[in-house]
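Below is one structure, written out as structure tokens; the observations come after it.
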Number of protein chains: 2
Amino acid sequence: MNLSPSAAAGGGLPDQPASPEVSEEHKCLNSELWHACAGPLVSLPAVGSRVLYFPQGHSEQVSASTNKEMESQIPNYPNLPAQLICQLHNVTMHADAETDEVYAQMTLQPLSPQELKDPFLPAELGNASKQPTNYFCKTLTASDTSTHGGFSVPRRAAEKVFPPLDFTQQPPAQELMAKDLHGNEWKFRHIFRGQPKRHLLTTGWSIFISAKRLVAGDSVLFIWNDNNQLLLGIRRANRSQTVMPSSVLSSDSMHIGLLAAAAHAASTNSRFTIFYNPKSKPFRVCHTIG
Amino acid sequence: MNLSPSAAAGGGLPDQPASPEVSEEHKCLNSELWHACAGPLVSLPAVGSRVLYFPQGHSEQVSASTNKEMESQIPNYPNLPAQLICQLHNVTMHADAETDEVYAQMTLQPLSPQELKDPFLPAELGNASKQPTNYFCKTLTASDTSTHGGFSVPRRAAEKVFPPLDFTQQPPAQELMAKDLHGNEWKFRHIFRGQPKRHLLTTGWSIFISAKRLVAGDSVLFIWNDNNQLLLGIRRANRSQTVMPSSVLSSDSMHIGLLAAAAHAASTNSRFTIFYNPKSKPFRVCHTIG
DNA sequence: TTGTCTCCCTTTGGGAGACAA
DNA sequence: TTGTCTCCCAAAGGGAGACAA
């Protein structure tokens, strides 16, 4: 049993350096794919804009997503207001190495009272999330994820997003290459066959399904980027939460870390970094006018 | 492809409640299995004893184990000494849900100067880790982990640890049930066959190997507990580190959380919780005499 | 004593059209 | 239009002894 896409039949997984985390920093994750995966309700504030950050809300969200409960008291952070008005210095888009779920890393800097008095013209006011048009998203059926056979491509989706088939061939078929969020390539046979005729992805599909551990109810989405590359993203259905950082940090440290980092930044007006998971409860970075 | 042990051929995986983390708290992980997995160099301090805790060392260790680098400055914790003399209030043994690697959760309380003056008689001084005798540990070979065939049991190990076979049968064989660190049961066919004769685990073995994602170089260990149950633990070979808590906490928060929790506890003499991973660099909870 | 190989046969599962919702 | 089924055949894989380190 070989779950890696580097296996014979599947697409070639490029050799990974020791730390995938580091390598990911170096290449830019496709913004349209990120937004397509995040969904139409998610928008990222623009760099330079002012945002409201709620440390307590964020802490609760992390707590919920890791299924951890507090074991002891949380220290009080008298310097930590319920909400911080911050300037957004940096946003980078990421995808979890295990699950392909998208998240963003943001560098925030709390604004001093003086800076808050400064006039502020928001450069772009709430730039709505630009959902790409040249894409399709399909929720996987039991047949799509079964071991017998491949993926049934909705007709309009195939016609809109996949390169046109050569219908002089019998049957019409081609090889598709698609890059996932980490830049790994996956190879699929795209064929138009059956009675009645329909578009299917066959060879390569089941390797993708098992490598990404997709099940019926999860969604896949295909999209073309500006660089004429086919991209492939995932939206996982909600399911029993994974319990992530066991054996590394106690839940106390996790909570306190988040609050302490914000408190320290607030008292020194220095930058701090948060992870924004668009899939959690409504996150509390909001656009605001200074 | 079904990787769960609840599948037809394998042992029955008991129904899991929504949160495995919580359920694990309720049952007591077998101490001998924990120590066998942790190895002979690891010993846990006794509850009530005094220990030295090095927050900075712990922080660096977590940093190394998660492959995360700091993105911004760490605040200074003026109240946080380089080492804290603490009383150990609680120790619980755990195993990572993903990897089965053992770790311990400890509740520490920094001692006040007054308490430090109190006479202190260590109840048990450095109780050496009690390695069980009725156990064996084998490093898996390429054959043990290949898809063709099962697990070759070293002869003495099988005779010492497995129930004796009925040699009047031809071939002698029995069914073994073994519980892993999470209490899940795995079923194996134990047979004595071949030319020359040897002990083998066949049916059920490959399901275990793929479910636990074991590879050649990893080790398995079998042990009997007081309750007459066969237990099954894992020691993984060192390999490229997993990058654990991505998309949950920034590395900054992780560092700061650990230090801030210790600093807060130190200044208030309140209890705090740490995770002790015996596999990392020598950890810095040391026995000490008050 | 035990790790690897190869052989044999069962099981799994890709890939096709049939058929029905 | 597309989800599921079944059929057919290729590939994967378990379980056995052979053989050698």
Side-chain angles (χ1 to χ4, degrees), chain A residues 1-4 7-10 136-160 162 169-175 187-211 215-217 219-220, chain B residues 1-3 7-10 136-160 162 170-173 175 187-211 215-220:
Chain A
M1 170 173 337
N2 195 327
L3 295 179
S4 109
F136 80 86
C137 176
K138 184 193 176 190
T139 298
L140 299 173
T141 65
S143 299
D144 290 331
T145 53
S146 96
T147 53
H148 284 254
F151 172 68
S152 194
V153 190
R155 184 167 190 241
R156 283 160 207 298
E159 288 170 351
K160 188 172 63 171
F162 290 165
Q169 293 179 37
Q170 203 40 246
Q174 65 182 329
E175 184 174 84
K187 195 159 62 183
F188 304 110
R189 178 171 164 86
H190 169 207
I191 192 169
F192 186 73
R193 66 159 170 83
Q195 199 49 254
K197 294 272 179 282
R198 88 281 309 274
H199 292 268
L200 298 164
L201 298 186
T202 57
T203 312
W205 180 252
S206 72
I207 292 175
F208 173 74
I209 288 294
S210 63
V215 297
S219 303
V220 294
Chain B
M1 171 175 332
N2 194 328
L3 296 178
F136 80 87
C137 177
K138 185 195 176 191
T139 299
L140 300 173
T141 66
S143 299
D144 291 331
T145 52
S146 96
T147 53
H148 284 253
F151 173 70
S152 195
V153 191
R155 183 164 189 243
R156 283 159 209 297
E159 288 169 350
K160 188 173 64 171
F162 290 164
Q170 202 42 246
E175 184 173 85
K187 196 159 63 183
F188 304 109
R189 176 171 166 86
H190 169 209
I191 192 169
F192 187 72
R193 64 159 169 82
Q195 198 49 256
K197 293 272 179 282
R198 89 281 312 274
H199 291 269
L200 298 165
L201 298 186
T202 57
T203 311
W205 179 253
S206 73
I207 292 176
F208 174 73
I209 288 294
S210 64
V215 297
D218 294 337
S219 304
V220 294

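Residue numbers begin at 1 in each chain, while the letters A, B, ... track the order of the sequences. Note: hydrogens, waters and symmetry copies are ignored here, and every other heavy atom, side chains too, is used.
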Nearest whole Å is fine: how far is [N] [atom2] from [X] [atom1]?
| X | N | atom1 | atom2 | value |
| --- | --- | --- | --- | --- |
| A/F151 | D/dT4 | CZ | P | 13 Å |
| A/L201 | D/dT2 | CG | P | 13 Å |
| B/Q170 | D/dA16 | CD | C1' | 13 Å |
| B/D144 | C/dC5 | CG | P | 13 Å |
| A/I207 | C/dT12 | CD1 | C1' | 15 Å |
| B/H148 | D/dG17 | NE2 | C1' | 16 Å |
| A/R189 | C/dG13 | CZ | P | 21 Å |
| A/R156 | D/dT2 | CZ | P | 8 Å |

Between [options], which nucleotide has the shortest distance from any of its atoms to the side chain of [X]?
| X | options | answer |
| --- | --- | --- |
| B/T203 | D/dG15, C/dT4, D/dG3 | D/dG15 |
| B/T202 | C/dA16, D/dG13, D/dA16 | D/dA16 |
| B/A142 | C/dT4, C/dT2, D/dG3 | C/dT4 |

Task: Any donor-acceptor pair under 3.5 Å from A/R156 side chain to A/P154 backbone - done: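 Not confirmed, A/R156 side chain does not pair with A/P154 backbone.
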
TODO: Look at the side chain of B/K197 and the backbone N and O of B/G194, then say whether any donor-acceptor pair between them is shorter than 3.5 Å.
DONE: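 Yes, the answer is positive, given that a donor and an acceptor are paired below the 3.5 Å cut-off.
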
Task: Minimum-distance pair of heavy atoms, taken over all atoms of A/F192 and A/P171 - done: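 Reported closest heavy-atom pair: O-CB, 3.7 Å.
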
Task: Residues in contact with DNA chain C, drawn from residues 191-200 of chain B - heavy-atom cutoff 4.0 Å - done: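 Within residues 191-200 of chain B, the residues near DNA chain C are B/P196, B/K197, B/R198.
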
TODO: Find the distance between CZ (B/R155) and CZ (B/R198) and round it off to the nearest 0.5 Å.
DONE: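 The CZ atom of B/R198 is 12.0 Å from CZ of B/R155, to the nearest 0.5 Å.
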
Task: Distance in Å, A/Q169 CD paired with A/Q174 CD, rounded so as to fall on 0.5 Å steps - done: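 These two atoms lie 9.0 Å from each other.
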
- [ ] Report the C-alpha distance between B/S152 and B/L200 in whole Å, list the side-chain angles of each, state the deciding distance to 0.1 Å, and finish with yes or no for side-chain contact (heavy atoms from CB on, under 4.5 Å).
- [x] CA-CA 5 Å; B/S152 195; B/L200 298 165; 4.1 Å; yes

[X] side-chain N/O to [N] phosphate OP1/OP2 under 4.0 Å:
| X | N | result |
| --- | --- | --- |
| B/S146 | C/dT4 | no |
| A/S152 | D/dT2 | no |
| A/S143 | D/dG3 | no |

- [ ] Select base, sugar-phosphate, or nothing to describe what B/S206 touches, counting heavy atoms under 4.0 Å on all strands.
- [x]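 Sugar-phosphate, backbone atoms only, no base.
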
Open item on the list: Tell me if the aromatic rings of A/H190 and A/F162 count as close, with their centers under 6.0 Å from one another.
Closed with: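 Yes, the ring centres sit under 6.0 Å apart.
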
- [ ] Decide yes or no for A/P172 and A/Q170: does some side-chain heavy atom of the first lie under 4.5 Å from some side-chain heavy atom of the second?
- [x]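 Yes. Closest side-chain heavy atoms under 4.5 Å.
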
Open item on the list: Dot-bracket, 5' to 3', for DNA chain D please: Watson-Crick or G-U pairs under 3.5 Å, [ ] where pairs cross earlier ones, | where the partner sits on another strand, dots elsewhere.
Closed with: |||||||||||||||||||||

- [ ] Could you walk me through whether A/F151 and A/I209 pass side-chain contact (heavy atoms from CB on, under 4.5 Å), step by step?
- [x] CA-CA 10 Å; A/F151 172 68; A/I209 288 294; over 6 Å; no

- [ ] Using the six-membered ring wherever Trp is involved, compare the ring planes of B/F188 and B/F208 and label them parallel, tilted or perpendicular (cut-offs 30° and 60°).
- [x]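 Ring orientation of B/F188 relative to B/F208: perpendicular.
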
